[in-house]
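To start, the structure under review is shown below, and the notes come after it.
Computed from a prediction, not measured in an experiment: that's the story for all the values here. In what follows, every chain begins at residue 1, and chains take the letters A, B, ... in the order their sequences are listed.
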2 protein chains.
Amino acid sequence: MAKQHQVSPEAKPAGATIYSVAERAGVSIATVSRVLQGVAVVAETTRQKVLRAVDELGYVPLGAARSLAVRHHEAHGLVLPELSGPYYAELLMGFEARAAELAQSVVLVLTNSRTDLAAAVRQLATRVDAIAVFGAAATSHDVLRLLHAKKPVVVIAGEPRDQVEAVTAENLESARELAGHVLDHGRRRALFVGDPDSGPDIRDRYAGFVAAHDDRGLTAAEPVRVALREADGAAFAQELLQGEHEADALMCANDELALSVMTTLQDAGRTVPGDIAVVGWDDVMTSRYVRPGLTTVRQPVHELGALAASRLHDLVSGEPVRTNAQTLPTQLVVRSSCGCP
Amino acid sequence: MAKQHQVSPEAKPAGATIYSVAERAGVSIATVSRVLQGVAVVAETTRQKVLRAVDELGYVPLGAARSLAVRHHEAHGLVLPELSGPYYAELLMGFEARAAELAQSVVLVLTNSRTDLAAAVRQLATRVDAIAVFGAAATSHDVLRLLHAKKPVVVIAGEPRDQVEAVTAENLESARELAGHVLDHGRRRALFVGDPDSGPDIRDRYAGFVAAHDDRGLTAAEPVRVALREADGAAFAQELLQGEHEADALMCANDELALSVMTTLQDAGRTVPGDIAVVGWDDVMTSRYVRPGLTTVRQPVHELGALAASRLHDLVSGEPVRTNAQTLPTQLVVRSSCGCP
DNA sequence: CTGTTAGCGCGTTCAT
DNA sequence: ATGAACGCGCTAACAG
């Protein structure tokens with residue numbers, strides 16, 4: 001019994017296929033495939049015939065059929081919490097750019113817009129060869145399932161687990177340096193603002209904060225556990241204004257937090273860094289526009305995204321999983337909110 | 001001749017398939033498909049058997065095979081220039097969120113990272129049911145090809161063309177209102193900063209600028225054609241400082257431009273709005289942190305992205321193409337850079 | 001409620 | 001240099 005393709009006499013109005021192109025060009029589908037993939041040598045005249053047929057029919061190959069045949073999706077998945085603020089956007093840009101170089105499509109999943117994260121990841125796994133997830137964005141159960149199914153997974157800004165690679169930017173040492181810088185301005189009541197439990201990166205930043213204190217024989221205060229959003233920063237600043245905390249320096253877990261804290265304090269008449277020093281993390285655009293300029297730490301975010309995409313590709317290509325995290329260096333950006341002139 | 005699936009005796013180590021699951025559960029592949037899709041009724045006991053087999057094997061369905069069978073990718077493509085700045089990121093978030101609601105994956109292409117845009121779009125078309133492109137991001141030739149292939153296309157912040165829908169935010173009237181507001185502060189030498197030829201949206205904003213002048217019997221100056229980036233704003237500000245332009249008000253094509261112009265001028269000792277008023281467009285985060293606060297126009301960017309995703313879905317579902325653009329309202333955000341207290 | 005089977009459109013030997 | 005035929009894994013009739 002022959003395939004319907006070769007039997008069916010009537011033309012199908014919906015979408016040209018490799019069959020219709022072949023028929024129109026008067027060749028076999030194998031030849032069409034060859035000219036389109038550019039793999040084997042095809043006579044120039046037949047080549048032209050095929051190309052013309054493709055053009056006339058407006059033929060667009062069906063990726064799913066190709067994927068099924070070649071047994072590869074030629075796509076990478078990326079799971080991010082959201083895209084507000086420049087951090088994730090930049091990460092995504094780096095990821096996309098590298099994926100493009102490697103001829104991989106990128107399928108994006110934003111977890112904040114999902115009610116059922118597990119389902120989203122499961123669904124994603126269905127259409128990509130490998131997945132990069134940010135931090136603790138994916139539930140471990142689903143990740144394990146992927147591993148069981150032999151889909152490469154890399155964690156961005158997280159920690160390596162069994163069979164799960166990690167790529168990250170340096171946190172601990174830079175945080176130690178930043179906190180040390182603040183302490184060396186003579187500040188003695190520094191507070192860390194942000195929740196160390198919200199992710200390995202924040203945890204390491206707090207660890208650096210503690211280390212800087214240790215280095216100087218000082219004792220670090222407990223972290224002020226607030227979420228990393230503007231609103232949370234403003235709320236904390238209000239607490240500060242009402243005397244609920246005592247501090248002459250604030251090391252915020254990221255810039256969004258730092259900026260909102262800083263401007264809230266300023267609007268209430270406090271001076272920065274006079275009354276209180278404020279530093280952040282990420283070096284977002286706003287940080288160089290505000291006065292005083294926000295002292296912060298710049299991460300190679302773009303490069304981090306690119307690295308994740310590269311590793312995904314390598315893993316799909318059969319490279320072994322690296323057991324230790326790849327860490328990219330960060331850079332202290334000193335402006336004046338820390339007390340520097 | 002039976003399929004290899006049923007013949008092959010040796011287990012394939014690479015990836016579980018619906019066949020291996022069926023075998024393990026002691027049922028047919030149809031039953032496996034049924035419990036996984038939840039379409040038909042399946043006896044609870046068999047259902048459990050299947051689910052257990054799925055779990056034990058770590059079965060992840062092959063999306064490509066499903067797509068081929070159901071003749072749908074269940075994915076939308078989105079073509080954006082880049083993601084720096086909040087505008088595109090917010091658009092993407094809106095798009096992704098709506099797509100998720102509609103159970104569609106989103107495949108992202110960023111054109112700024114591509115050398116061969118046409119190839120990227122062609123490739124994208126291969127794996128999605130419909131594509132949304134921002135403004136003039138895609139070459140018309142490739143778009144036409146898609147239309148020929150009956151793939152729905154919607155343009156975001158662009159103009160409808162034959163068979164191509166457009167979704168956009170209102171520009172002309174809001175620009176007229178904004179420019180009018182500035183003129184009503186008594187400014188008489190207002191300049192429009194930005195290139196009207198860089199896209200339909202900027203063109204309309206300039207048209208609004210002109211209209212506001214006309215409304216008052218004034219003559220609008222020619223636009224100062226600069227690109228929409230921070231660096232270009234700073235360069236323009238330098239020209240201004242060197243007396244190459246004469247102006248007491250600047251209506252910038254977007255906030256990034258406005259912010260960089262404003263701070264460059266301020267750093268050189270000029271006062272805003274005292275010496276010169278500056279207004280922007282987009283209401284990015286920074287605009288409410290700078291002093292004076294930047295007067296600008298807020299667009300429903302998130303909603304715009306969502307609308308694009310919705311329309312894509314509708315078009316895929318067979319709804320007819322709308323010939324006139326769907327326009328979302330914008331909102332004037334008055335702060336103090338325009339001269340208001 | 002469950003199993004059989006025919007495609008979905010493409011890449012890919014294997015002949016020629 | 002080109003064509004014929006098979007299989008990739010899944011859904012959807014159609015039987016039973």
| field | A:P300: partners by side-chain contact (heavy atoms from CB on, under 4.5 Å), with sequence neighbours left out | value | A:A169, A:E303, A:L328, A:T330
| message | My understanding is that only residues two or more places apart in sequence, or in another chain, count here; which of them pass side-chain contact (heavy atoms from CB on, under 4.5 Å) with A:T323? | response | none
| request: Specify the separation, in whole Å, of atom OH of A:Y19 and atom P of C:dG7. | output: 12 Å
| query | Mind checking what makes salt bridge (charged side-chain N to carboxylate O under 4.0 Å, His left out) contact with B:E96, not counting sequence neighbours? | reply | A:R114
| request: Considering just the side-chain nitrogens and oxygens of B:R71, establish if one lies under 4.0 Å of OP1 or OP2 belonging to D:dC10. | output: no
| message | The criterion is salt bridge (charged side-chain N to carboxylate O under 4.0 Å, His left out); which residues satisfy it with A:D314, sequence neighbours excluded? | response | A:R311
| remark: Terminal axes of the helix from C:dC1-D:dG16 to C:dT16-D:dA1 (5 end pairs apiece), angle rounded to 10 degrees, sit apart by 30°
| message | Just to verify, what does A:Y88 make a ring pair (Phe, Tyr, Trp, His ring centres under 6.0 Å) with, not counting sequence neighbours? | response | A:F134
| Has A:S33 got a side-chain N or O lying under 4.0 Å from the OP1 or OP2 atom of C:dG11? | yes
| remark: Sorted by chain and residue number, the salt bridge (charged side-chain N to carboxylate O under 4.0 Å, His left out) partners of A:E82 (sequence neighbours excluded) come out as A:R229
| query | What residues, two or more places apart in sequence or in another chain, satisfy side-chain contact (heavy atoms from CB on, under 4.5 Å) together with A:R66? | reply | A:Q37, A:V70, A:E74
List, with names and distances, any nitrogen or oxygen atoms from the protein found under 3.5 Å away from nitrogen or oxygen atoms belonging to nucleotides 1-3 of chain C.
from	atom 1	to	atom 2	distance (Å)
C:dT2	OP1	B:T46	OG1	2.9
C:dT2	OP2	B:A43	N	2.8
C:dT2	OP2	B:T46	OG1	3.1
C:dG3	OP2	B:S28	N	3.0
C:dG3	OP2	B:S28	OG	3.3
C:dG3	OP2	B:T31	OG1	2.8
C:dG3	N7	B:R34	NH2	2.7
C:dG3	O6	B:R34	NH1	3.3

| message | Any side-chain to backbone donor/acceptor pair from A:K49 onto A:G26? Under 3.5 Å, distance only. | response | no
| request: Can you tell me the distance, in whole Å, between the NE2 atom of B:H72 and the C1' atom of C:dG7? | output: 17 Å
| Within residues 59-69 of chain B: residues closer than 4.0 Å to DNA chain C (heavy atoms) | B:L68, B:A69
| field | With sequence neighbours excluded, residues passing side-chain contact (heavy atoms from CB on, under 4.5 Å) with A:S28 | value | A:A30, A:T31
| message | Can you list everything that forms a salt bridge (charged side-chain N to carboxylate O under 4.0 Å, His left out) with B:E56? Sequence neighbours excluded, please. | response | B:R24, B:R52
